[in-house]
Amino acid sequence: GSPMKLSLAAEEVATFYAKMLDHEYTTKDVFRQNFFHDWKKEMNEQEKKIITDLDKCDFTQMHQYFTEKAEAKKALPKEEKQKLKVEQDEIAEIYGYCVMDGHREKIANFKIEPPGLFRGRGDHPKMGKLKKRIMPEDVIINCSRDSNIPEPPKNHHWKEIRFDNKVTWLASWTENVQGLLKYIMLNPSSKLKGEKDWQKYEIARRLKDKIDAIRSQYHRDWKSREMKTRQRAVALYFIDKLALRAGNEKEEGETADTVGCCSLRVEHIKLNENDNGQQCVVEFDFLGKDSIRYYNKVPVEKQVFKNLKLFMENKDPTDDLFDRLNTSDLNKHLQELMEGLTAKVFRTYNASITLQEQLAELTDPEESIAEKILSYNRANRAVAILCNHQRTPPKTYEKSMKNIQAKIEAKKEQLAVAKKDLKNAKVDHKVKKDEKSKQMVEKKKKLLQRMEEQLMKLEVQATDREENKQIALGTSKLNYLDPRITVAWCKKWHVPIEKIYNKTQREKFAWAIDMTDENFEF
DNA sequence: TGAAGAGACTCAGAAAGGTAAGC
DNA sequence: CGCTTACCTTTCTGAGTCTCTTC
C-alpha cells in the first residue's frame with residue numbers, strides 16, 4: 001500500500017497500462033496476464049521482488065496524470081492549437097511524401113508505430129503483450145540507388161538499405177509480438193495504388209462473363225464421385241452466394257479463433273430440414289475476420305443440403321467441415337477457370353454487381369437529390385449486409401435518434417402553423433385585394449414550401465440513420481464497389497459526386513472520376 | 001512434391017481528431 | 001456570437017488473402 005518510484009523502463013510500460021485503465025481490455029484476464037508478464041521483464045531486480053501481483057498495483061495516479069494532460073491540451077487557446085497543427089503539417093510535408101517515377105506521392109503511414117500494449121481483436125491470446133519501440137537499427141529502407149537515401153538519426157544506423165524495385169514498400173520492420181513484417185507504403189491516392197485498384201475491378205469484371213459457366217459447373221460438381229470435388233463445389237457456392245472469405249488455416253493459439261469458408265468447422269453450421277416453412281435451411285454462426293460474428297439462415301438447394309449432411313457425418317463439432325479442401329486447392333481450381341481468379345474476387349464481383357443492380361432498381365428519376373442519395377445509401381447498405389460489414393452502434397445512437405424525432409415533431413408543428421398562416425393570408429387578400437396582401441400570400445407560400453422540404457430532409461435523415469445503426473458502409477465503399485459505377489450514376493442523375501465521396505475518397509478514386517462517363521457498365 | 005513459413009499486399013473496425021450545426 | 005455537442009473524416013494498426021521460397 002505504499003507509493004513506489006519505478007525505474008525508467010518499468011515506468012514507461014506501466015504508463016501504457018495506466019493510459020488504458022478506462023478500457024475494457026484491462027478487465028480481461030489474458031490482457032492482464034500478458035501485460036504483467038512483459039512488464040516484469042522490464043523491471044530491475046528490486047522491482048521484481050516487490051511487484052508480484054498486478055491486483056495490488058494502483059495505477060490511478062498515473063491515469064489521472066494523463067487525463068489531466070489530455071484535458072490541458074484540449075483547453076489550450078486557439079492560437080496555441082493552431083501552432084501545434086502547423087508543426088504537425090510541417091512534419092507531414094517533410095516526411096509524408098516520397099518521389100516515385102518522378103512524381104511526388106503521398107505516403108499512407110509515414111510514422112513508425114509507437115510502443116504500447118498489443119490490442120488484438122476478439123479473444124486474442126496475445127492481447128496486452130508489450131509492443132516494443134522500433135529503433136533505426138530495426139528498419140529496412142527500400143529506395144532507388146540514385147535517390148536521396150534517408151539519413152538515420154544521429155548515432156544510429158539502418159538495419160539495411162536495399163534497392164528492390166519489385167516491391168512497393170518504402171521501409172519495413174519486424175514487429176515483436178507476432179513476428180510479422182510491417183511496411184511503410186503509399187497512400188491510396190497514389191498512381192501505383194490507383195492502378196492496382198483499377199486492375200482489381202477489371203478482374204472482377206472479367207468474372208462477370210464467366211460467372212454463369214462457373215455456376216453451372218459447381219452445380220454439376222455437387223454430384224461428383226470425388227469427395228474433394230464436392231466439397232470444393234459447395235465451398236465455392238458459399239463463397240459466391242454468401243460472399244464468404246476464403247478462410248486460410250491459421251496457427252492455433254497464436255491468434256483469435258476465427259474462420260472463413262474453407263476453415264469452417266462442423267460446429268459453425270446447423271442444418272434445419274424445415275425452418276418456418278422454408279426447406280433445407282443452413283444456419284451459420286461463426287466469428288469471421290476481426291472476430292465479427294456472421295449469423296445467417298440460408299435456404300439452399302437440396303443437393304447442397306445433402307452434401308453438407310454427408311460432410312458432417314461421423315465428425316466432432318470441432319472437425320473441419322471441408323476436411324478435403326484448403327484455400328490453395330480452391331484457388332488453383334479457380335485459376336484454371338479464369339486467369340487471375342481467386343476466392344476474394346467473388347466478393348468484389350458480387351459487391352459491385354449488387355450495387356449496380358440496386359441502383360438501377362432503387363433510383364427514381366422523379367425524386368429529389370436528397371432522396372436519390374438515400375437510394376444510393378440503401379444500395380450501398382445492401383452490399384454492406386452481403387459482406388457482413390458491421391460496426392458497434394454509436395454510444396450516442398439512442399439519444400441522437402430521439403433528438404431527430406423531436407425535431408421532426410417540432411417541424412410538423414411549425415408546418416401546421418405555416419399552413420394556417422397561408423390560409424389566413426389568402427383570406428386577407430380576398431378581402432383587401434391589394435398588392436401588399438398579395439405579396440404576403442406569396443411569402444407565406446414560399447415559407448410553407450421551405451418547411452415541407454426541411455421536414456422531408458429530416459425524415460430521410462432519420463430513416464437513413466435507423467437503417468444504418470449496426471452497418472458500416474465505409475468498408476464496401478472503399479474496397480469492394482467499383483467506383484466507376486458510382487461516378488456513372490452521379491453523372492446520369494446529376495448528383496454532385498461530393499455528395500457521395502468525400503475529399504479523401506475522391507482522391508483515392510481520381511482514376512475512376514477521370515475516365516468514367518454516365519454510360520459505364522460494370 | 002507438398003507442407004510450412006516468409007513476404008507483400010488488401011481489407012477491417014475502433015479511436016482520435018476535426019468541423020459544423022445547434023443552443 | 002461563442003460554446004457545446006454530435007457527427008463526419010482521418011488515422012491507426014491488426015487481420016485477412018494470396019504468392020513465393022525453402023526444405
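A note on names: the letters A, B, ... follow the listed sequences, proteins ahead of strands, and every chain is numbered from 1. For the numbers below, each heavy atom of this structure counts, side chains included, while hydrogens, waters and symmetry mates do not.
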*Asks:* Closest-nucleotide mapping onto DNA chain C: is A:R119 or A:L341 further toward the 5' terminus? I mean the 5' end.
*Replies:* A:R119
*Asks:* Donor-acceptor pair, A:K132 side chain versus A:V177 backbone, under 3.5 Å?
*Replies:* no
*Asks:* Can you name the atoms? Protein N/O to nucleotides 9-11 of chain B N/O, anything below 3.5 Å, with the distance.
*Replies:*
from   : atom 1 : to     : atom 2 : distance (Å)
B:dC9  : OP2    : A:T168 : N      : 2.9
B:dC9  : OP2    : A:T168 : OG1    : 2.9
B:dC9  : O5'    : A:T168 : OG1    : 3.3
B:dT10 : OP2    : A:K193 : NZ     : 2.5
B:dC11 : OP1    : A:K200 : NZ     : 3.3
B:dC11 : OP1    : A:K344 : NZ     : 3.3
B:dC11 : OP2    : A:K200 : NZ     : 2.5
B:dC11 : O3'    : A:Y480 : OH     : 3.4
B:dC11 : O2     : A:K289 : NZ     : 2.8

*Asks:* Please write out each protein N/O paired with an N/O of nucleotides 20-23 of chain C under 3.5 Å, distance rounded to 0.1 Å.
*Replies:*
none

*Asks:* Can you name the residues that form a salt bridge (Lys or Arg N to Asp or Glu O under 4.0 Å) with A:K73, not counting sequence neighbours?
*Replies:* none
*Asks:* Fit a plane to each ring of A:Y294 and A:F286, take the angle between them on a 0 to 90° scale, and name the class: parallel (under 30°), tilted (30 to 60°) or perpendicular (over 60°).
*Replies:* parallel
*Asks:* Have A:Q199 and A:E195 got a donor and an acceptor in their side chains that come within less than 3.5 Å?
*Replies:* no
*Asks:* Got a donor-acceptor contact below 3.5 angstrom from the A:R206 side chain to the A:E339 backbone?
*Replies:* yes
*Asks:* Can you give me every donor-acceptor pair (side chain of residues 180-188 of chain A, partner residue at least two apart or in another chain, under 3.5 Å) with its distance?
*Replies:*
from   : atom 1 : to     : atom 2 : distance (Å)
A:K182 : NZ     : A:E113 : OE1    : 3.2
A:K182 : NZ     : A:E113 : OE2    : 3.2
A:N187 : OD1    : A:S189 : N      : 2.9
A:N187 : OD1    : A:S189 : OG     : 2.7

*Asks:* For A:D164 and A:E251, find the nucleotide of DNA chain B closest to each by heavy atoms; which residue's nucleotide sits nearer the 5' end?
*Replies:* A:E251
*Asks:* Nearest whole angstrom, please: distance from the P of C:dT13 to the NZ of A:K111.
*Replies:* 10 Å
*Asks:* Give the intermediate values and the outcome of side chain to side chain donor-acceptor pair (under 3.5 Å) for residues A:T168 and A:K193.
*Replies:* CA-CA 9 Å; A:T168 70; A:K193 294 284 186 188; 4.5 Å; no
*Asks:* What's the closest nucleotide to the A:R121 side chain, out of C:dT13, C:dC12, C:dA15?
*Replies:* C:dA15
*Asks:* Classify the nucleic acid contact of A:Q390 as base, sugar-phosphate or nothing, counting any heavy atom under 4.0 Å across all strands shown.
*Replies:* sugar-phosphate
*Asks:* Does A:K315 use its side chain to pair, donor to acceptor, with the backbone of A:D320 at less than 3.5 Å?
*Replies:* yes
*Asks:* Assess, by modelled atom type and distance only, whether the side chains of A:T486 and A:K477 contain a donor and an acceptor separated by less than 3.5 Å.
*Replies:* no
*Asks:* Between the side chains of A:Q358 and A:N380, does any donor sit under 3.5 Å from an acceptor?
*Replies:* no
*Asks:* Which of these nucleotides, C:dC18, C:dG14, C:dG16, is closest to any side-chain atom of A:A246?
*Replies:* C:dC18
*Asks:* Under 4.0 Å from OP1 or OP2 of C:dG14: is there any side-chain N or O of A:K131 that close?
*Replies:* yes
*Asks:* May I have the distance from A:K74 (atom NZ) to C:dC3 (atom P), rounded to whole angstrom?
*Replies:* 15 Å
*Asks:* Name all residues meeting the side-chain hydrogen bond (donor to acceptor under 3.5 Å, both in side chains) criterion together with A:E80; count only those two or more places apart in sequence or in a different chain, and write none if there are none.
*Replies:* none
*Asks:* Which part of the nucleic acid, if any, lies within reach of A:P114 when heavy atoms closer than 4.0 Å are counted: base, sugar-phosphate only, or nothing?
*Replies:* sugar-phosphate
*Asks:* Using rotation axes that map the C1' atoms of four end pairs onto the next four (five pairs an end), what angle separates the end axes of the helix from B:dG2-C:dC23 to B:dC23-C:dG2, to 10°?
*Replies:* 0°
*Asks:* Looking for any heavy atom pair under 4.0 Å, which part of the strands does A:G288 touch: base, sugar-phosphate only, or nothing?
*Replies:* sugar-phosphate
